[in-house]
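Heads up: the structure comes next, in structure tokens.
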Amino acid sequence: MLSFPELNTLETHLGHPVLVLGAVNLELDLVAELYEALHTIDGHERLGVLIYTRGGIVNAARRIALLLRERFEHITFIAPHYCESAGTLTVLSGDHIVASPASIFSPIDPQLSGTGEGSGPAAVSSQDVRLFGEMAKAWFHLSDDEVRSNALSTMAEAMFPTTLTAFYRTTLEVKTIAHELLALHRCERSSQARGEIVDRLLFEHHSHNYAVTAQELKLLGLSVASDETIEPASWAVARRLGTRLGAGTRTRDDEDWTDTVVATRARVRWRRVSHQGMGFTWEGNG
């Protein structure tokens, strides 16, 4: 039975309820479970969300953030360890982020999964495509005219043209969503300031896996701080999630595994994924 006694400590210190959201990947299927969990903590204006995730779907991050903001006036995200990719996008909607020295955020540039076979990469970032011309000039000393005349045809030969369009559309989508989430809280931040934060998270890191620190998020202009009072409790929750989430926690290939946990003090639920590829089931109380 999975439990989180540390929620008592977190809620006592913060003075409001705390929700645990641990997910290998943020998905739209989680919205219904979150919606039901939030019913157990009605009657409050403030909420803490302890988030632990390695990424997920951009639109899921948006929908989760909107659901939380629709029900609570003030959101504090607690990110003691992994809060990558779509997780980083989600916390942009928060009024405040409580981080630890071990917190790991990441850029929000879109990714396209590849086959991982042969010489092809397992995933390609929109940045890999966007910087192709810059690479050609820096590494192969091509002129601007040569890059303009050859870059598009070269990319189109290596990648289906509509895939390039999809990358462009997805990048625009992420940019729009990040702007939207940053505008949800009562921070007196101009549209230009929001744009600078978004552009830096989208375009200013050299890999999608770059481990962005809490201090780097703070330097971008986000409200980020540590809280030593709750750090032991939040870290204990993160470590427990780390040992329970993901296919890598199995001892045998024929075991089911947990990919998501949604918990409040009144309700703890986790999603079990079938090792036979037959879908998933939610377990727990509530």
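All figures in this text were calculated on a predicted structure; none of them were measured in a lab. The analysis underlying the following values was restricted to heavy atoms, covering all of them including side chains, and did not include hydrogens, waters or symmetry mates.
Here the closest non-hydrogen pair linking S223 and H96 is OG-ND1, 2.7 Å. Contact detail for L28 and A60: the closest heavy-atom pair is N-CB, 3.5 Å. Closest approach of S106 to T88, counting heavy atoms only: N-OG1, 3.0 Å. Taking every heavy atom of both residues into account, G56 and A86 meet most closely at N-CB, 3.6 Å. Between C83 and I51 the shortest heavy-atom distance is SG-CG2, 3.8 Å. Residues L245 and A23 approach most closely at CD1-N, 3.8 Å, considering heavy atoms.
Of the inter-residue distances, the one linking N59 atom CG with I64 atom CD1 reads 11.0 Å to the nearest 0.5 angstrom. The structure places CZ of R269 at 8.0 Å from CG of N285, a figure rounded to the nearest 0.5 Å. Taken to the nearest 0.5 Å, the OH atom of Y82 stands 4.5 Å off from the CD1 atom of I104. Here the OG1-CG distance, from T53 to N25, works out to 6.0 Å after rounding to the nearest 0.5 Å. Taken from CD1 in I230 to CD in E6, the straight-line distance is 12.0 Å, to the nearest 0.5 Å. In this structure, the separation between CG on L217 and OG on S103 is 9.0 Å, given to the nearest 0.5 Å.
Within the 3.5 Å criterion, the main-chain N or O of A247 finds a donor-acceptor partner in the side chain of R250. In terms of modelled atom types and a separation under 3.5 Å, the side chain of E84 and the main chain of G55 share no donor-acceptor contact. Side-chain atoms of R267 do not come within 3.5 Å of backbone N or O of T40 as any donor-acceptor pair. Remark: the backbone N or O of A102 is paired with a side-chain donor or acceptor of S100 at under 3.5 angstrom. With D256 contributing its side chain and H275 its backbone, the two residues share a donor-acceptor pair below 3.5 Å. Looking only at distances, no side-chain donor or acceptor of T12 sits under 3.5 Å from a matching main-chain atom of T9. For T258 (side chain) and T260 (main-chain N/O), no donor-acceptor pair under 3.5 Å exists by modelled atom type.
In this structure the side chain of T171 reaches within 4.5 angstrom of the side chain of F203, judged on heavy atoms. Considering only heavy atoms from C-beta on, V49 stays 4.5 Å or farther from V91 through its side chain. Residues I177 and I108 form no side-chain contact, since every pair of their non-hydrogen atoms from C-beta on lies 4.5 Å or further apart. A 4.5 Å side-chain heavy-atom check between T170 and V58 finds every atom pair outside the cut-off. Counting heavy atoms from C-beta outward, D227 and H13 have side chains that approach closer than 4.5 Å. Using a 4.5 Å heavy-atom threshold, the side chains of L26 and L21 count as touching. A 4.5 Å side-chain heavy-atom check between T243 and R239 finds every atom pair outside the cut-off. The closest side-chain heavy-atom distance from T264 to L38 is not below 4.5 Å.
Heavy-atom contacts from other residues, nucleotides or ligands closer than 6.0 Å to CG of D253 number 12 or fewer.
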Would you sort out whether T76 and V98 count as a side chain to side chain contact (heavy atoms under 4.5 Å, CB included), showing the intermediate values?
CA-CA 7 Å; T76 295; V98 177; 3.8 Å; yes
Given side chain to side chain contact (heavy atoms under 4.5 Å, CB included), test E36 with V262 step by step and report yes or no.
CA-CA 10 Å; E36 294 181 359; V262 178; over 6 Å; no
Output, in order, the C-alpha distance, side-chain angles, deciding distance and verdict of side chain to side chain contact (heavy atoms under 4.5 Å, CB included) for S234 and L10.
CA-CA 7 Å; S234 63; L10 295 172; 4.3 Å; yes
Would L14 and R46 count as a side chain to side chain contact (heavy atoms under 4.5 Å, CB included) here? Give the steps.
CA-CA 9 Å; L14 295 173; R46 290 174 170 256; over 6 Å; no
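Between H205 and Y210, the ring planes lie tilted relative to each other; the angle falls in the 30° to 60° range.
A salt bridge is defined here as a Lys NZ or Arg NE, NH1 or NH2 lying under 4.0 Å from an Asp or Glu carboxylate O, and R69 with D95 meets this definition.
Between the side chains of H208 and D109, a donor-acceptor pair is found at a separation under 3.5 Å.
Note on V237 and W235: separate hydrophobic clusters, where clusters join Ile, Leu, Val, Met, Phe, Trp and Tyr whose side-chain heavy atoms are under 4.5 Å apart, directly or indirectly. Side-chain heavy atoms closer than 4.5 Å link hydrophobic residues (I, L, V, M, F, W, Y) into clusters, and following such links, even through other members, never connects V212 to L219. Under the 4.5 Å side-chain heavy-atom criterion for Ile, Leu, Val, Met, Phe, Trp and Tyr, I57 and V261 are members of distinct hydrophobic clusters.
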